[in-house]
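We name chains A, B, ... by the order of the sequence lines, and we start the count at 1 in each one. Since the model is a prediction, treat every value here as computed from it, not as a measurement.
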There are 2 protein chains.
Amino acid sequence: MAQTSVSSNPRRTSSRHAGLDRDDVVEAALLLVDEGGPEALTMRRLAGKLGVATTTIYWHVGSRDDVVDAVIRRHGERQAEHAVSGDTARQRVMSVARHLRDEALAHRGITRLAELHGETSVLNEHLEVAMARELTTAGVVGEDARDALRAILICVGGFLVVAMRNEAAIPPDHSRTAVWSRVDDPNVDPSTRLALTTQVDLPVLFERTVQAIVDTHVPEA
Amino acid sequence: MAQTSVSSNPRRTSSRHAGLDRDDVVEAALLLVDEGGPEALTMRRLAGKLGVATTTIYWHVGSRDDVVDAVIRRHGERQAEHAVSGDTARQRVMSVARHLRDEALAHRGITRLAELHGETSVLNEHLEVAMARELTTAGVVGEDARDALRAILICVGGFLVVAMRNEAAIPPDHSRTAVWSRVDDPNVDPSTRLALTTQVDLPVLFERTVQAIVDTHVPEA
DNA sequence: GGAAGTATGTGACAGTGTTCAAGACAGCAG
DNA sequence: CTGCTGTCTTGAACACTGTCACATACTTCC
């Protein structure tokens, strides 16, 4: 257990000091990712934040991949239980889907890290369980529940990818609106071409699309 | 226009030779990504493949980001027109969605590169136009068509993320099935928990899920 | 022939992940 | 108290990455 903060300890060559442990490293890494995204997590930067050498990170946690795993797991454990709302099973499932999206966007750095490492299930375990619970209550069980859960999560994931896309990093002539500004296909309605140069209302489209999927899996109450 | 292949030209220090041009560089880069994924595309590796110095790449194309843009645009231009099949508008839109997924998975290295750089619209321009064409034919135009196109593409994208996930790179205890093997929530039906430790049939779920979205946007013929 | 442009190269810089070898401190048994 | 073992730390180095300054050779044009 840390008795003093790391940063207050004077640093001596090859000097051992009290207090730095694995949790300190993982917490510092989590903050780096939460604030600056996956790219902000480098071993030198993390070591600098902790006031130690990179080798200390390797000792306490391991490689960068090990640090990433630990960050995702730690954040996943922190996912708050939320009050599911709604009168019908469909509404309750939608409630969980919205919460999953909102949590993901509130911590988009961690979400992108989990996505890059294919570990979104670790991150979202509590919410996936919550959704499975609602499906059970709705009478959707077994492989039907598995398919429902997968389909909803895949769709929510698709929306997250788009919502988290850093538009500023895309060359202006490669953005969706730029691409469609150049399209001149007479078989595409002009009002469609015009509309496709404008931004879509993602939250509205999210509601409509996820609801459509929920409706095919969850019976009407 | 290249008269001789690059690899057959003898190399002299600071020697200029005929034949290497921008297209050669972009083609070589495309092959690297197609075969080895985004991580395989390094400036040194690309230069080695072409038998030139990295500065030659910078001269002909530009930075790595410029090379990436060129690769995505080149591949996008190559997207084959495909025969849309189906008797109804809904079937025809589904046909385009399937083709988009199949093309993406056939060139998953390029797909992942485009996704990482947020440039999937450049890659899929022809297929997005094809889908917009089918929507026009179905009487879905303007903002309705924009929303339909977005929703379908977002969902297909979600499936692609899952389909392209490199399961081998995920720590065994962080995979979805491992996560669900540990879940022991009494409010989740046991058959659901069991089902969630097994693999979902992605193509079947794709059909059902995308169809559900198409059905909410495209009227029944 | 000389200037300007084109097309190539070497070597270096700054940053990254990772590890070797070494040192300092803590705990424990004798 | 001493010596051994384990724990926790370090500096330096390695290999790899993207990028660029500067130099050289060739081509084109007047």
(message) I'd like to know if the side chain of B/Asp24 reaches the main chain of B/Asp21, judged simply by a donor and an acceptor atom lying under 3.5 Å from each other, with no hydrogens or angles considered.
(response) yes
(request) Name the closest nucleotide to the B/Thr56 side chain, picking from C/dG9, C/dT16, D/dT10. (result) C/dG9
(request) Send over the distance from B/Glu39 CD to D/dG18 P, rounded to a whole Å. (result) 12 Å
(request) Could you note down all residue pairs passing ring pair (Phe, Tyr, Trp, His ring centres under 6.0 Å) where residues 61-81 of chain A supplies at least one of them, sequence neighbours left out? (result) A/His75-A/His107
(request) Return the value, rounded to whole Å, for the distance between atom CG of B/Leu20 and atom C1' of C/dG9. (result) 13 Å
(request) With heavy atoms under 4.0 Å as the rule, sort A/Thr42 into base, sugar-phosphate or nothing. (result) sugar-phosphate
(request) Whole angstrom is fine here: how far is it from CG in A/Asp24 over to C1' in D/dC8? (result) 13 Å
(request) Using atom CD1 of A/Ile57 as one end and atom P of D/dG11 as the other, report the distance to the nearest whole Å. (result) 13 Å
Could you list, one pair per line, each protein nitrogen or oxygen that sits under 3.5 Å from a nitrogen or oxygen of nucleotides 19-21 of chain D, together with the distance?
unit_1 : atom_1 : unit_2  : atom_2 : d
D/dT19 : OP2    : B/Tyr58 : OH     : 3.4
D/dT19 : OP2    : B/Arg64 : N      : 2.7
D/dT19 : O5'    : B/Tyr58 : OH     : 3.4

I'd like a table of donor-acceptor pairs (distance under 3.5 Å, sequence neighbours excluded) in which one partner is a side-chain atom from residues 35-45 of chain A, with atom names and distances.
unit_1  : atom_1 : unit_2   : atom_2 : d
A/Glu39 : OE2    : A/Arg112 : NH2    : 2.5
A/Thr42 : OG1    : A/Arg45  : N      : 3.0
A/Arg45 : NH1    : A/Ala40  : O      : 3.4

(request) Classify the nucleic acid contact of A/Leu41 as base, sugar-phosphate or nothing, counting any heavy atom under 4.0 Å across all strands shown. (result) sugar-phosphate
(message) With a 4.0 Å cut-off on N to O distance, would you call A/Arg193 and A/Asp184 a salt bridge?
(response) yes
(request) Verify, without hydrogens or angle tests, whether B/His217 (side chain) and B/Ala145 (backbone) share a donor-acceptor contact under 3.5 angstrom. (result) no
(request) Check the surroundings of atom CD in A/Glu143: do more than 12 heavy atoms from other residues, nucleotides or ligands lie under 6.0 Å from it? (result) no
(message) Can you measure B/Arg45 atom CZ to D/dA15 atom P for me and round it to whole angstrom units?
(response) 17 Å
(message) What is the separation between atom CH2 on A/Trp59 and atom P on C/dA21, rounded to the nearest whole Å?
(response) 17 Å
